[in-house]
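Working notes, beginning with the structure itself.
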Protein chains: 2
Amino acid sequence: MALRHAVLAALLDEELSGYQLAKAFDMGVANFWHALPQQLYAELAKLEHEGLITGREVVQETRPNKRLFKVTGAGLDELERFTAAATKPSFIRDDLLVKVQAADHVNTEVLVARLTERITFAQAKIDLFDALLRTMRGDLAEEDFLHRGDRVGPYLTCLRGLSFERANRDWYERTVRVLRERAVPSPGRPADEGL
Amino acid sequence: MALRHAVLAALLDEELSGYQLAKAFDMGVANFWHALPQQLYAELAKLEHEGLITGREVVQETRPNKRLFKVTGAGLDELERFTAAATKPSFIRDDLLVKVQAADHVNTEVLVARLTERITFAQAKIDLFDALLRTMRGDLAEEDFLHRGDRVGPYLTCLRGLSFERANRDWYERTVRVLRERAVPSPGRPADEGL
DNA sequence: CCATGATAGTCAAGAAAATGACTAATCAAA
DNA sequence: TTTGATTAGTCATTTTCTTGACTATCATGG
């Protein structure tokens, strides 16, 4: 039941429409949670029905009308309750880990290709997060912002996202290096093709 | 559809029973995927039905009988196909990120408590992974093992798990530090209670 | 003798997430 | 001028994951 709380958390700082939320939760900027539009619209409906958020229609001339949502007092209480509740640990869930686990038994070249794709992707996210952090902290140094800035929550989660993507990139790179080195027949070790 | 491939990957190096698999996939050692026993038994049944694995009954006197599974040729082909297929990027999915995202709006003390719990948990996993890695590489240095050892797949995934848990621990610790510092009323900045 | 915990495995139900297709408007560029 | 992109949102189906309970046997400790 974390999606609902992720939505509540996202609506704390600004009123957003379902569409804007969907953008925020898509792969690009999903620094703290990821969800598809369908899930979000469904969740917004439920949350509004339960009185944890309220929506207001915003009429637009040039664009289709939209509904902006914000968290109610009851919503804040629910978040508070959620925060106090026990947490269950998180796991990495990455296709690539499964593939690398099988690395000794499958074709190395395709695996390296997949890893290389992901290096690019990870780097893109790193750049994005870097830019996001710079925007958030303005002209303050990071430590200053964390100490004195208002709204450090989003900054902290973004830091985690940045660190995660950096670790991804580094591991992808190292794994590629290892697999490539092993693929080259070197003295003292039989080559891949030799098996 | 990654669970089935995770199971295949896990069965590559050794024959395992459903029960043993369940152990391997539980929170303790799930370095590359996580799943509950129910999922695993169901998946094993499906995989056997489709001929991607074969099971053999092992009669035991002192314990209930068990079925050991191993990957068939078709299973290996399926893994190969999976490895070649496009990967979708992975995201962190952590309750705590949601909670920290809302940090500026909820009670800091309970949040710090949750974070502190996780520091302990992360440290335990770090120690576990460290030990696992040492066992896998034997008396070889890491770089030597990665270059010359057989079966580097599991080692590499374990490395990723280790790095992930280290990053978790570090982020939890930093977040606790930041939240604690901000909670203390300091000159030049209004205290939490002041709002 | 009884409680416990480990081994080994199963069933059913429900919540959450992913997939795929769809409406409908407006704007910008080819 | 029609194609594609963006904004805004919905529906239906399937897959996957989680929760919770349940059956057995054997070993160990108290």
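To find a chain, count down the sequence lines: A is the first, B the second, and so on, and within it residues start at 1. These values consider heavy atoms only, across backbone and side chains, with no hydrogens, waters or symmetry-generated copies.
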Can you tell me how far P of C:dA6 sits from CD of B:Q60, to the nearest Å? 17 Å
Interatomic distance where CD belongs to A:E48 and C1' belongs to D:dG9 [whole Å]: 14 Å
Over how many whole Å does the gap from A:F69 atom CZ to D:dA8 atom P extend? 13 Å
Mutual orientation of the aromatic rings belonging to B:H5 and B:F82 [parallel < 30°, tilted 30-60°, perpendicular > 60°]: parallel
May I ask you to verify if any side-chain N or O of B:Y19 is less than 4.0 angstrom from the OP1 or OP2 atom of C:dG9? no
Any idea which heavy atoms bring B:W33 and B:A2 closest together, and the distance? CH2-CB, 3.5 Å
Just wondering, more than 12 heavy atoms not from A:E109 lying within 6.0 Å of its CD? no
Can you check the A:F25 CZ to C:dA16 P distance for me, whole Å? 15 Å
Interatomic distance where CZ belongs to A:R67 and C1' belongs to D:dT7 [whole Å]: 17 Å
Would you kindly give the CG-to-P distance between B:L40 and C:dG9, to the nearest whole Å? 11 Å
Take the protein atom CG of A:D26 and the nucleotide atom P of D:dT6, then report the distance between them rounded to whole Å. 12 Å
Do B:R160 and A:V100 have side-chain heavy atoms sitting under 4.5 Å apart? no
Scan nucleotides 10-20 of chain D nucleotide by nucleotide, 5' to 3', and note B when protein non-hydrogen atoms come under 4.0 Å of the base, S if they reach only the sugar-phosphate, - if neither. BB----SSBBB
What is the distance, to the nearest angstrom, from the CD atom on A:Q20 to the C1' atom on D:dA8? 10 Å
Distance check: side-chain N/O of A:K23 vs OP1/OP2 of D:dT7, anything under 4.0 Å? yes
State whether a side-chain donor-acceptor pair under 3.5 Å links A:S163 with A:R166. no
Supply the atom-to-atom distance B:L21 CG to B:L40 CG, rounded to the nearest 0.5 angstrom. 6.0 Å
